[in-house]
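Note that the structure is predicted; figures quoted are calculated from it, not measured.
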Amino acid sequence: MEKMYHVGFDDTHGAKYVILPGDPGRVEKIAQYLDNPRFYCQHREYTTWLGEVEGETVMVMSTGMGGPSTAIGVEECYKTGVRTFIRIGTTGGMALKVMGGDLVIANSAIRMEGTTKEYLPIEFPAVADHEVTCALIEAAKKLGARWHVGTVQCKDAFYGQHDPDRLPVGPELKYKWDCWLKGGCLSSEMESAALYIVCATLEGARAGCILNVCWNQERKKAGLPDPEQHDTALACEASVEAIRLLIKKDREEAGK
């Protein structure tokens, strides 16, 4: 196999599991939770390390920010043999119960972005794999984290959320934001919908997502305490533990 055009590697890595942070600078940090971590490849926004969990090769690869680069990375990882995808990243809280430092496990995503419309009609839901989601929940419990599971909003424009009044479409953005709040949306981020919809179109692919809450603008607006937490260590640890649980379960089901 030739090396993939964007991620820069072929199928010789042997990994069936990948952890996907957005930030290339976060890859090495996550890889340190694996056994025998080692640099593998760097091309464009895709920085890749390898390691082992339970003797199984596991990849950590950055996707960059947003749906387009996430979709490309997932497609090319899949072509090289990866089948289990866990996104780990940051998110801004929306529901008042969600606070900085909490973990959000996204079992579904609002498709308020453009990438997924080129895969499936908007009526098709962006949902996580049930087994991956359960593994992330179990990992969060094991680590003693404050966690929430539910729907996140996935968008393309970071500053559209934070400064809608200066934009021509600001009234529409604020109307939809209010709709998401009333529907119980937990938080807002930029990559999960693309991950879920792309995996829905790839046979045998499964995906989940765990996010560190940095802050919550709705709590701040309501005059509630709004602690900030930008350290993603707990989410990183939970993603690796979830991979461990999935490897064990996959082996049991395979009779190994």
State, with a plain yes or no, whether a side-chain heavy atom of [X] is found less than 4.5 Å away from one of [Y].
X	Y	value
R111	F124	yes
C41	W49	no
L173	L167	yes

Stepwise side-chain contact (heavy atoms from CB on, under 4.5 Å) check, M61 with F9
CA-CA 11 Å; M61 187 190 80; F9 53 77; 3.9 Å; yes
Is it true that, when you exclude H6 itself, more than 12 heavy atoms of the residues, nucleotides or ligands shown sit nearer than 6.0 Å to its NE2?
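Above 12, so yes.
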Evaluate R26 against T90 for side-chain contact (heavy atoms from CB on, under 4.5 Å), listing each step before the verdict.
CA-CA 11 Å; R26 206 175 287 143; T90 56; 4.0 Å; yes
Checking side-chain hydrogen bond (donor to acceptor under 3.5 Å, both in side chains) for the pair T84/K16: CA distance, chi angles, key distance, verdict?
CA-CA 6 Å; T84 299; K16 296 179 182 177; over 6 Å; no
Can you tell me how far the OG atom of S108 sits from the CD atom of Q153, to the nearest 0.5 Å?
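Going from the OG atom of S108 to the CD atom of Q153 covers 12.5 Å.
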Drop me the distance from D129's CG to F85's CZ, to the nearest 0.5 angstrom.
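With rounding to 0.5 Å, CG (D129) is 11.5 Å from CZ (F85).
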Classify the ring geometry of F158 against H162: parallel below 30°, tilted from 30° to 60°, perpendicular beyond 60°.
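Rings of F158 and H162: tilted, as their planes differ by 30° to 60°.
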For L34 and V58, work out which heavy atoms get closest and say how close.
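That closest heavy-atom pairing would be CD1-O, 3.9 Å.
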Kindly say whether R244 contributes a backbone atom to a donor-acceptor pair with the side chain of K248 at under 3.5 angstrom?
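Pair absent, no side-chain N/O of K248 close to backbone of R244.
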